[in-house]
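Before any comments, here is the structure.
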Amino acid sequence: MADTMQTKEQTEVSEAQIAVHWKEEDYYQPSEKFKAQANMRDAHILEKFGLDNFPDCFKEYANMLTWFEPYRTVLDTSDAPFWKWFVGGKINACYNCVDRQLAKYGNKAAFLFVPEPEAEPDVVIKYQELYDRVNELAALLRGLGLKAGDRVTFHMPMVPELPITMLACARLGIIHSQVFGGFSGQACGSRIQDSGSRVLITMDSYWRSGTLIDHKANADIAVRTAKDLGQDVDKVLVWQRYPGKYSAKTPMVPDRDFFMNDLLKEYKGQKVEPVALPSEGPLFLMYSSGTTGKPKGAQHGIAGYLSYVTATAKWILDIHPEDIYWCMADIGWITGHSYIVYGPLANAATSVLYEGVPTFPDAGRPWRIAERLGVNIFHTAPTAIRMLRKLGPQEPRKYKYHFKSMTTVGEPIEPEAWRWYYDEVGKREAVITDTWWLTETGGFLGTTVPAIHAMKPGSCGPGAPGIHPVIYDETGTEVPKGSGRAGNICIRNPWPGIMQTIWGDRDRYVKTYFAKYNQNPRSKDWRDWPFLCGDGAVQAADGYYRILGRIDDVINVAGHRLGTKEIESACLTVPEVAEAAVVPVQDEVKGRVPEVYIAVKPGVQASQDIVDRVIRANEEVIGKIARPKHVYIVPDMPKTRSGKIMRRVLAAISNRRDVGDVTTLANPDVVEQIRTLVQGKDVVATREELPEDIAKFGQVE
Ligand code: WTA
């Protein structure tokens with residue numbers, strides 16, 4: 001890393017700097033075969049999308065869509081920082097994803113649905129069938145009196161009925177708000193209330209790890225929660241996992257609950273014209289956690305969002321209509337909205353939808369699916385990669401699939417996990433794009449363009465075309481590339497995928513994303529409104545960004561801030577370690593010190609030797625400052641149902657606090673095991689309040 005002297009000096013002058021220590025990795029090149037077939041091969045693409053050509057460069061994105069009426073203004077900044085894209089145009093997202101594909105691809109699969117039970121056959125949904133089903137459902141929703149601008153909340157699992165319902169709403173301009181199926185009824189209820197939905201769409205049941213879950217029970221809790229908060233729900237529309245059969249035990253509530261399949265009979269064969277909607281009409285809300293307890297509804301608009309995910313699905317995911325694309329994310333998250341539903345369909349993709357858990361019934365499942373369906377583009381998160389590696393490091397070798405391209409998203413990926421993904425999952429044939437972005441940003445912010453840029457494990461790459469990141473320190477001074485120092489990564493310019501606002505809370509939108517670095521709240525010039533992403537990042541001399549995680553996940557050890565991911569990455573260099581999580585612990589002398597929790601690979605015995613080597617790895621890779629106070633070898637990490645490690649729970653245990661409510665975790669039982677391991681049999685939790693940085697630690701996840 002360049003210029004250590006300068007680094008030291010500036011770290012001392014500005015306490016706000018985050019110390020960054022992570023060995024620079026070697027580059028990997030895309031194969032000639034991949035390059036020859038890629039959608040985006042123009043080596044000058046980033047220059048073409050330079051700030052000199054902003055915002056007109058994004059006309060190319062708008063041109064990928066079919067318009068009912070052309071737009072007049074590319075970017076309207078008159079209500080800064082509430083950007084309006086492609087103003088004056090009329091458009092429909094459903095038309096762009098479905099109707100316009102019929103002529104050429106009507107007989108091609110839009111979705112290949114893979115149920116979790118392995119004995120259940122795949123379900124193929126061709127574009128023509130998608131069109132028919134979306135139209136019937138749109139007719140039904142219209143029949144219920146729903147219209148453009150109304151909000152409807154969904155609480156649906158990973159089944160084809162979810163994208164069908166999204167598209168039916170989009171056809172009419174109804175704003176959909178899908179709450180992740182694994183969230184509790186209460187979480188769903190508070191989101192219903194915030195969005196002001198009067199209709200909830202759900203499903204009776206779905207398969208998860210071999211169990212057919214009664215999901216309808218959550219709808220009752222959601223409606224009750226919303227009512228307690230002041231929002232009435234008139235109707236609950238219930239899809240049936242097995243049409244014509246009710247697979248839940250929870251009774252239907254008369255006059256409120258209706259089976260979608262019963263209602264649909266009346267609308268058989270009906271067609272509904274897609275509504276020509278204004279470009280900046282809202283398409284959907286996606287709730288996401290912030291630093292306060294109240295989730296915020298990121299509002300995405302039709303034309304800007306759709307153009308952005310269409311172009312990035314084409315250029316970055318490299319989707320061609322002939323490909324079989326599989327994104328293993330859940331549609332309940334932004335990744336699923338952008339890169340399972342809207343982006344892929346607008347590109348006439350064939351997309352795999354998998355209902356269940358990747359490791360069910362064993363860690364070979366994803367690779368069996370890939371082999372059987374001929375998947376050639378694979379997209380998943382580091383957590384899944386680590387889990388599959390932990391449970392079946394050799395499994396990919398047993399299956400004859402071939403990926404041309406793979407994506408990782410959602411968390412920083414440690415070089416070690418990256419290399420397993422590359423060597424074993426990708427069989428050294430597939431390119432990897434590490435795509436960094438947020439719910440709020442609609443689509444990719446930091447990524448390589450796969451046929452053009454070399455890959456570097458652990459770094460997402462430069463800004464995506466037309467995205468111009470900048471790293472600021474706490475005082476608003478730019479942190480130069482190659483300095484080895486980290487800061488708050490922001491985007492200098494608006495882009496079409498950016499959220500429009502936080503639903504119902506304009507002030508919070510401005511405060512959360514712009515207030516920190518905006519100098520002039522009255523300015524109508526976009527240059528005055530850098531967008532604060534909320535991540536710490538460092539830019540190497542080559543221009544690639546490495547994302548260190550949420551700013552809140554940084555541990556300040558003796559005045560040096562260490563990215564938790566750096567420590568975890570160091571732990572993972574010990575070959576026996578499968579997963580690692582670090583938390584800050586109060587320390588008399590150093591303020592905070594990291595404590596490390598690790599899970600070892602199957603067949604490996606926990607031992608003092610492993611603990612010693614983990615400590616040594618931290619000293620070697622990062623420095624003595626990162627020496628963990630304790631290393632605990634645990635049977636499993638406490639995880640959310642979406643698979644993220646709950647560092648907050650570990651931080652509470654490490655800091656001798658009560659762990660709070662853990663019932664929503666995927667594996668609540670493991671928490672007590674870890675607590676006993678760390679705190680001993682008797683409960684030693686103190687009631688003393690936690691310092692704020694630790695109390696908030698890991699919450700943004
Ligand atoms: C993190 C998910 C490192 C980051 C699309 C961000 C990443 C948060 C990456 C947003 C990546 C996402 N490398 N970190 N490739 N992608 N993140 O809103 O901390 O669920 O702020 O959106 O995930 O999570 P969200």
Side-chain angles (χ1 to χ4, degrees), residues 18 22 178-180 182-183 285-291 295-298 300 305 308-309 312-313 316-317 327-340 343 379-386 406-415 417-418 421 432-448 455-464 467 469 486 488-491 497-499 502 512-513 531-539 544-554 563-566 568-569 640-645 647 697-701:
I18 302 162
W22 194 341
Q178 153 72 2
V179 177
F180 171 56
F183 272 152
L285 309 180
M286 171 65 64
Y287 282 86
S288 167
S289 308
T291 42
K296 44 194 178 184
H300 283 286
Y305 171 83
Y308 196 69
V309 298
T312 47
I316 309 296
L317 298 177
C327 173
M328 218 163 59
D330 193 291
I331 295 177
W333 305 117
I334 191 69
T335 301
H337 275 49
S338 300
Y339 298 118
I340 297 178
H379 188 161
T380 193
T383 296
I385 296 168
R386 291 185 214 113
M406 304 193 298
T407 303
T408 151
V409 60
E411 305 157 67
I413 182 164
E414 311 75 7
W418 192 100
Y421 197 34
I432 294 181
T433 51
D434 179 345
T435 59
W436 162 70
W437 56 296
L438 289 72
T439 299
E440 294 90 330
T441 72
F444 306 143
L445 293 180
T447 175
T448 49
M455 301 158 250
K456 191 162 79 168
S459 296
C460 62
I467 302 288
N488 298 326
I489 189 163
C490 298
I491 310 300
I498 190 174
M499 70 195 285
I502 294 175
T512 308
Y513 304 106
F531 177 86
L532 176 75
C533 300
D535 280 310
V538 62
Q539 189 181 26
Y544 280 30
Y545 294 94
R546 190 149 55 70
I547 305 300
L548 303 172
R550 301 296 302 183
I551 292 162
D552 338 51
D553 282 357
V554 167
T564 54
K565 283 288 161 190
E566 299 174 73
E568 291 167 6
S569 178
T640 62
R641 298 185 54 187
S642 62
K644 290 210 179 183
I645 298 175
R647 292 177 179 76
F697 183 80
Q699 284 200 352
V700 177
E701 293 180 27

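Reckoned from all heavy atoms, side chains included, excluding hydrogens, waters and symmetry mates. One-based numbering, in listed order, for ligands and for the atoms of each.
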Strictly under 6.0 Å, is that where the ring centroids of W437 and Y339 end up?
yes

Closest non-hydrogen contact found for H300 with E440 is CE1-O, 3.6 Å

The ring pair (Phe, Tyr, Trp, His ring centres under 6.0 Å) partners of W436 (sequence neighbours excluded) come to none

For Y513, the ring pair (Phe, Tyr, Trp, His ring centres under 6.0 Å) test, sequence neighbours excluded, returns Y509, F531

For the residue pair Y305 and S338, confirm or rule out a side-chain donor-acceptor distance under 3.5 Å.
yes

For ligand 1, what are the residues with a heavy-atom contact below 4.0 Å?
I334, T335, V409, G410, E411, P412, D434, T435, W436, W437, L438, T439, D535, I547, R550

For T407, what residues pass the side-chain hydrogen bond (donor to acceptor under 3.5 Å, both in side chains) criterion, not counting sequence neighbours?
T433

